[in-house]
J.: 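There's a structure below that I have some questions on.
Note that the coordinates shown come from a computational prediction; the quantities given were computed from them, not determined experimentally.
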Amino acid sequence: WVNNPTYGDYWRKFKPVDEHYEDIEVASYSQAGWFDVFLQGSLNNFIGMTTRARSEKARRNQKLIVGPWVHQLGARGTERTTGDVDFGPEVLFDLEEEEVRWMDHWLKGADNGITDEPRVKLFVMGANEWRYADDWPLPETRYTPHYIHSGGGANSLFGDGTLDRTEPAEEKPDRYVYDPDHPVMTIGGSTCCNTRGTPVSMGPRDQRPNEYRPDVLVYTTPPLEQDVEVTGPVKMVLYAASSARDTDFVAKLVDVAPNEYAMNVAEGILRARYRDSWDE
């Protein structure tokens, strides 16, 4: 795998599912967590199967559940806490019981109503409640651009970086010096696979230790005057240059609580040489 970093014939021989939705005609139930390393694949598969599967029956019989979990899915939905955060009793949902209902219907013909229920079940963090829908992204999703600004000094939590809905004009670039011998730590997020078997920080964690660093740029809104819900695809368009032969860029969406606890909500990573495609 290490010797085949680009996407080519080596990988295509495994018939990756996202290139073969049109060949699939089975019902499937995707289970994922907001901090699951495979979250994006689960979302992509739900969209791909509901829009491109071979038969109408397959397109109609897809289900998706996403909880506030890492890859172990909250010990099959039986744990309230992920990372630092207790999401309350509302989060508890017996995934094994749900799987049995699904299998009873498709393998035993049980008329238990599971295919009559909404196809999508999502846990909204912060509100700490489940939401139901038939599609992803949610039909009521409104895409709202935000823009980063600074006077050239967005370095660290103590810099002058801001985030708002005003399109930027002529502004100074932000700069930082990155030392690969002193890398930015992984603090929580979408790592793999469970806290018992892997000594890796995962899930929602306080991001301030990283935000204190001068090689991390921080852009912050003013305190929110009302609740803001972000449930849907999150994308960052970054314009950047580097003096290194190659580098990785990481973007994080962080929710700052009144007590200044900085919880990671979503993240993405991109290796600069693969910014246009995985093929070259």
Side-chain angles (χ1 to χ4, degrees), residues 17-18 21 24 26-53 56-83 85-108 110-143 190 192-194 202-204 227-234 253 255 263-267:
V17 65
D18 57 351
Y21 292 127
I24 304 172
V26 294
S28 65
Y29 199 145
S30 297
Q31 302 176 350
W34 293 127
F35 302 98
D36 183 356
V37 68
F38 302 112
L39 169 65
Q40 192 61 56
S42 298
L43 299 175
N44 291 348
N45 287 341
F46 178 81
I47 296 172
M49 287 296 293
T50 56
T51 58
R52 294 166 50 193
E56 173 61 24
K57 183 178 181 180
R59 291 191 291 271
R60 189 173 63 250
N61 288 292
Q62 303 296 316
K63 287 180 76 72
L64 170 71
I65 183 170
V66 186
W69 307 312
V70 297
H71 185 57
Q72 68 160 155
L73 305 179
R76 316 302 299 152
T78 62
E79 293 180 343
R80 294 175 32 156
T81 300
T82 303
V85 181
D86 183 343
F87 289 101
E90 295 80 12
V91 73
L92 300 176
F93 182 79
D94 192 332
L95 287 175
E96 290 189 3
E97 180 181 338
E98 184 81 344
E99 292 164 5
V100 170
R101 292 181 64 216
W102 181 255
M103 296 300 180
D104 279 350
H105 173 77
W106 288 106
L107 301 182
K108 296 181 179 180
D111 185 12
N112 55 20
I114 193 166
T115 57
D116 298 324
E117 299 169 0
R119 296 192 297 181
V120 178
K121 181 181 174 75
L122 306 171
F123 190 83
V124 181
M125 298 184 292
N128 288 357
E129 61 186 23
W130 290 98
R131 174 162 308 158
Y132 305 89
D134 270 324
D135 292 297
W136 174 269
L138 300 177
E140 64 269 28
T141 299
R142 292 182 298 159
Y143 295 95
S190 302
C192 190
C193 285
N194 65 72
M202 55 187 69
D227 288 347
V228 174
E229 180 179 329
V230 181
T231 305
V234 179
L253 177 64
D255 180 15
M263 171 184 152
N264 48 306
V265 175
E267 64 186 42

J.: Just verifying a value: how many Å separate I24 CD1 and Q62 CD, rounded to the nearest 0.5 Å?
T.: 8.5 Å
J.: Taking N45 for the side chain and L43 for the main chain, is one N or O donor matched with an acceptor at less than 3.5 Å?
T.: no
J.: Would you name the heavy atoms of P137 and I47 that are closest together and state the gap between them?
T.: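 Smallest heavy-atom distance, with atoms named: CD-CD1, 4.3 Å.
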J.: How many angstroms lie between atom CD of E99 and atom CG of D104, to the nearest 0.5 angstrom?
T.: 11.5 Å
J.: Do the rings of H71 and F38 sit parallel, tilted or perpendicular, given the 30° and 60° boundaries?
T.: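 Perpendicular.
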J.: What is the minimum heavy-atom distance between W130 and V91, and which atoms define it?
T.: CZ2-O, 3.5 Å
J.: Give a yes or no on whether the backbone of P118 and the side-chain of K63 come within a donor-acceptor separation of less than 3.5 Å.
T.: yes
J.: For the residue pair F93 and I65, establish whether any side-chain heavy-atom pair is separated by less than 4.5 Å.
T.: yes
J.: Give me the atom names and distance for the closest heavy-atom approach of T231 to E229.
T.: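 So the minimum-distance heavy-atom pair works out to OG1-OE2, 2.7 Å.
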J.: Report yes if the side chains of L64 and R119 come closer than 4.5 Å at any heavy-atom pair, otherwise no.
T.: no
J.: Let's go through L138 and L122 carefully: what are the C-alpha distance in whole Å and the side-chain angles of both, what is the deciding distance for side chain to side chain contact (heavy atoms under 4.5 Å, CB included) to 0.1 Å, and is it a yes or a no?
T.: CA-CA 10 Å; L138 300 177; L122 306 171; 3.8 Å; yes
J.: Minimum heavy-atom separation for W102 to I114, with atom names?
T.: N-CD1, 3.7 Å
J.: Can a donor-acceptor pair be found, under 3.5 Å and without considering hydrogens, that links the side chain of T82 to the backbone of P68?
T.: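 Side chain of T82 to backbone of P68: a pair is present.
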J.: So, taking the atom named CG in D134 and the one named CD in E117, what distance separates them when rounded to the nearest 0.5 Å?
T.: 11.0 Å
J.: Just by distance, do the side chain of R101 and the backbone of N112 share a donor-acceptor pair under 3.5 Å?
T.: yes
J.: Do you know which two heavy atoms are closest between V26 and M49, and how far apart they sit?
T.: O-CE, 3.6 Å
J.: So which heavy atom on M125 is nearest to which on F35, and how close?
T.: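 The pair with the smallest heavy-atom distance is SD-CE1, 3.6 Å.
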J.: How far does CG of D18 sit from CZ of R52, to the nearest 0.5 angstrom?
T.: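 If we round to the nearest 0.5 Å, D18:CG and R52:CZ are 7.5 Å apart.
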J.: Can any side-chain N or O of W34 pair as donor or acceptor with the backbone N or O of P204 at less than 3.5 Å?
T.: no
J.: Quick one: pull up OG1 in T50 and CZ in R60 and give me the separation to the nearest 0.5 Å.
T.: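 CZ of R60 is found 13.0 Å from OG1 of T50.
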J.: W69 and E79: side chain to side chain contact (heavy atoms under 4.5 Å, CB included), yes or no, with the steps?
T.: CA-CA 9 Å; W69 307 312; E79 293 180 343; over 6 Å; no
J.: Rounded to the nearest 0.5 Å, how far apart are CG of L39 and CG of N44?
T.: 9.0 Å
J.: Please walk me through it: do R76 and D94 pass salt bridge (Lys or Arg N to Asp or Glu O under 4.0 Å)?
T.: CA-CA 7 Å; R76 316 302 299 152; D94 192 332; over 6 Å; no
J.: Should L92 and R80 be marked as a side chain to side chain contact (heavy atoms under 4.5 Å, CB included) after you check the CA-CA gap, both sets of side-chain angles, and the distance that decides it?
T.: CA-CA 6 Å; L92 300 176; R80 294 175 32 156; 3.7 Å; yes
J.: Using a 4.5 Å cut-off on heavy atoms from C-beta on, say whether the side chain of Y21 contacts that of T51.
T.: no
J.: Spell out, as yes or no, whether a donor-acceptor pair under 3.5 Å connects the side chain of R59 to the backbone of A53.
T.: yes
J.: Under 3.5 Å, is there a donor-acceptor pair between the Q31 and E98 side chains?
T.: no
